Amino acid sequence: MSKVQIMTGNSAAAAAVMLCDVQVVAAYPITPQSQLAEMMSQYIESGELKAEYVRVEGEHTALTVCISASTVGARVFTATSANGLLYMHEQLHWAAGARLPIVMCCVNRGVGAPWTIFNDQQDSLAQRDTGWIQLYCRNNQEIHDTILQAYRIAESVYVPVMVCYDGFVLSHTMMPVDIPEQEGVREYLPPYKPHTILTPDDPRCLNPVLFPNRRADSEGVLRDGYMEMRYKLEAALEKALGAITEASDTFAKRFGRDHGGLVWGYRTEDAELHLVAMGSLASEATLAADALRARGIRAGVTGIRAFRPFPKAAVRKALQGAKAAVVFEKSISYGNEGALCTEIKGALFGTGIEPAVYNYIAGLGGRDVKARELEAAAGESWDDLSAGRREKNTTWLNCVTE
Amino acid sequence: MPENLFKINSKEYILPGSRACQGCGLSLFYRYALKALRENTIVTLPACCLCVLQGLYPSTPVMVPALNNSFASTAASASGLVAGLRALNKADTTVVAIAGDGATFDMGIQALSGAAERGTDFIYVCYDNEGYMNTGTQRSSATPMGALTTTTPILTKQQPKKDFLKIMEAHNIAYIATASPSYPLDLYDKFVKAKKIRGTRYIHIHVPCPPGWVYPPKDTVKMGRLAVETGLFPLFEIENGKFRFTGRSKTQAERGNRLPVINYLEKQGRFRKMDAEQLSQFQSMVDAKWDEYLRKTEG
């Protein structure tokens with residue numbers, strides 16, 4: 001029997017990592033991830049989880065330890081936040097480039113300078129182009145379940161997965177979480193089978209210098225050049241769209257919970273106005289949609305769960321009946337607009353599905369975002385659309401900009 | 001020593017035709033080190049000359065498994081290999097991290113210090129060619145004072161070399177040794193010994209570099225010998241905190257017959273700008289360091 005416990009997002013994550021039979025954990029503490037690093041130490045030192053814990057001297061090393069341990073065939077886990085994630089940046093490329101199925105929690109936090117310890121999603125969004133799968137969670141149950149799914153996804157396409165959840169908003173907030181039984185998880189998640197293993201039994205030189213062009217090996221067989229290797233990573237991310245959906249659907253069948261695979265919808269069947277967001281912000285937006293409906297506006301929420309690979313087809317399908325899409329996001333691609341907004345526009349361009357797209361930057365550095373503020377912003381966008389104003393500059397929600 | 005000249009492992013782990021430069025001291029050291037370490041070994045390495053020697057995909061001349069990683073992460077990578085192998089019950093495999101002076105003295109010092117502080121069970125090897133030779137001879141913190149490099153092209157390097165062995169000594173690790181490819185038996189013995197010891201072992205190899213140091217490739221062995229015979233690079237080991245000279249340096253310490261460093265410096269184009277005052281300053285530094293080691297031996 002599964003059991004329901006009241007727990008924080010970090011506890012829900014730790015409980016999931018426990019169930020995944022992880023063999024090596026390496027982490028460096030950073031707020032708001034620290035509790036997760038501490039709980040993993042607790043589980044491993046107490047013997048509840050039979051794994052190696054490497055107490056590293058920094059995040060660059062944390063991910064490097066995971067990379068090497070994964071290379072010899074171990075299932076690994078790490079977690080970080082904000083500047084810790086930025087410090088890992090180089091190794092994020094190494095993990096994805098080497099096609100290692102590492103799972104990492106990013107407990108989302110704003111990045112310095114100036115310092116903040118509070119939540120936004122600038123940290124993970126800034127790692128958009130490192131070749132990692134990025135999944136965003138809206139509540140603690142989803143954090144727990146997404147980690148179980150993440151290993152299944154990572155190990156089916158050999159691409160690392162970042163499970164992102166909002167710092168403090170979720171990491172330190174208690175909610176009921178249903179923890180499945182170990183046996184069921186083992187059936188859902190079979191042991192890690194590496195595609196290439198570093199072993200003296202079959203010596204290989206991994207990640208060597210590559211030529212740009214294809215090149216014959218000693219047996220005359222043409223092997224990849226650097227560009228073919230890069231293409232294969234991209235192809236794997238495309239394939240991951242299916243893997244994410246499969247992991248989610250199979251999970252739903254087995255455990256009875258469906259968080260949506262790539263995107264999820266709330267009251268979207270007849271919605272003309274879509275609030276679009278990721279993570280806890282999308283959860284908050286459901287309240288705003290209800291309020292808008294009470295005012296007679298047919299509103300719904302399109303929640304984006306997979307940001308990489310970006311689910312273009314699913315977004316098109318979700319927004320095909322929409323007149324307006326109001327994109328709320330907790331990060332910005334400086335000098336342009338919110339990255340999610342750009343992605344939404346890009347997915348829709350030239351498809352004939354062309355709602356007016358409005359962009360709001362919200363909640364940076366932990367600024368509180370209330371459902372009624374989302375409601376007001378979406379309502380304002382609806383008025384703009386009615387007045388024929390389809391093009392508008394990005395708005396900074398609840399921020400003094402004069 | 002359990003193995004010696006007559007028992008040295010005859011198996012080769014580097015096939016002919018590597019991509020190292022002619023006269024490369026690294027290839028000589030690597031050949032003997034692998035003979036001593038034998039089959040059950042995994043090597044991890046950063047961006048460095050070894051990464052070039054190791055070959056270009058899809059071929060490699062090296063018969064041991066090797067993992068390439070980023071510049072700052074050699075010891076971190078070893079930590080991951082050790083943890084992974086332990087988790088998989090393969091802890092009998094020797095993990096060896098091999099990096100140049102750039103990835104050791106400079107960018108990789110944090111990861112190495114972290115791994116050493118944790119007492120990670122691995123051998124770390126710094127092959128010190130005294131500059132960023134893989135990128136074309138730029139200054140590193142291992143470059144000696146008075147050397148010309150492409151980033152100290154006119155005034156020469158003004159600061160003395162970082163005393164990295166002292167830094168490693170401060171970590172109180174299981175085993176520290178210096179070695180030179182010009183004295184392969186001493187080097188071989190030290191690797192055989194290091195393989196048997198548990199905990200963090202650090203071996204510092206002085207690796208002559210013909211293009212970087214500007215001397216003819218045929219003189220590599222000679223250059224390494226001069227470094228030892230002048231006392232500039234003494235051969236020693238520190239086991240359980242106890243210092244002792246080994247090989248050629250041991251006999252020199254007993255007989256007091258060191259050559260003047262000018263014999264070493266004058267044979268390398270990189271030192272051609274040194275004047276008489278700098279030469280005497282250099283000799284004083286070498287003397288002071290040698291005396292420090294002598295006192296350690298006596299103590």
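Worth saying up front: this structure is predicted, and the values here are computed from it rather than measured. Values below: every heavy atom of this structure, side chains too, minus hydrogens, waters and symmetry copies. Chain naming here is simple, since letters A, B, ... match the order of the sequence lines and numbering starts at 1 in each.
When every heavy atom of A:Val54 is checked against every heavy atom of B:Ala83, the shortest pair comes out as CG2-CB, 3.6 Å. Smallest separation of non-hydrogen atoms from A:Ala74 and B:Gly84: CB-CA, 4.2 Å. Across all their heavy atoms, B:Tyr57 and A:Arg223 have their closest contact at CE2-CB, 3.5 Å. Between B:Asn68 and A:Leu206, the shortest heavy-atom distance links the atoms ND2-O, 2.8 Å. In terms of heavy-atom proximity, A:Tyr87 sits nearest to B:Gln110 at OH-NE2, 3.1 Å.
In terms of non-hydrogen atom pairs under 4.5 Å with chain B, the most contact-rich of A:Leu210, A:Leu198, A:Thr61 is A:Leu198. Contact tally against chain B (heavy-atom pairs below 4.5 Å) for A:Ala26, A:Pro208, A:Gly58: the top residue is A:Pro208. By number of non-hydrogen pairs under 4.5 angstrom with chain B, the leading residue of A:Ala51, A:Cys66, A:Ser68 is A:Ser68. When each of A:Asp202, A:Val221, A:Asn207, A:Asp201 is checked for heavy-atom pairs under 4.5 Å with chain B, A:Asn207 comes out on top.
A:Gln23 is listed as a side-chain neighbour of B:Leu88, based on a closest heavy-atom distance under 4.5 Å. Using a 4.5 Å cut-off on side-chain heavy atoms (C-beta onward), B:Ile42 and A:Pro200 make contact. Looking only at side-chain heavy atoms (C-beta outward), A:Val56 and B:Arg118 come within less than 4.5 Å of each other. The shortest distance between side-chain heavy atoms of A:His93 and B:Ser70 does not fall below 4.5 Å. For the pair B:Gln54/A:Cys205, a side-chain contact is recorded, criterion being any heavy-atom separation below 4.5 Å from C-beta on.
Taking OG of B:Ser73 as the start and CG of A:Leu63 as the end, the distance is 10.0 Å to the nearest 0.5 Å.
With a 4.5 angstrom heavy-atom cutoff, B:Thr60 touches chain A only via side-chain atoms. Heavy atoms closer than 4.5 Å to chain A are found nowhere in B:Val62, neither backbone nor side chain. With a 4.5 angstrom heavy-atom cutoff, A:Val72 touches chain B via backbone and side-chain atoms both. Residue contact with chain A, scored on non-hydrogen atoms closer than 4.5 Å, involves the backbone and the side chain of B:Leu56 alike. Contact annotation for B:Glu39: only backbone heavy atoms (N, CA, C, O) come within less than 4.5 Å of a heavy atom of chain A.
Side-chain contact, A:Thr64 with B:Ser77: no donor N or O sits under 3.5 Å from an acceptor N or O. Residues A:Glu57 and B:Ser113 bring no donor and acceptor atom of their side chains to less than 3.5 Å of each other.
Side chain of B:Arg86 to backbone of A:Glu52: no donor-acceptor contact under 3.5 angstrom is found.
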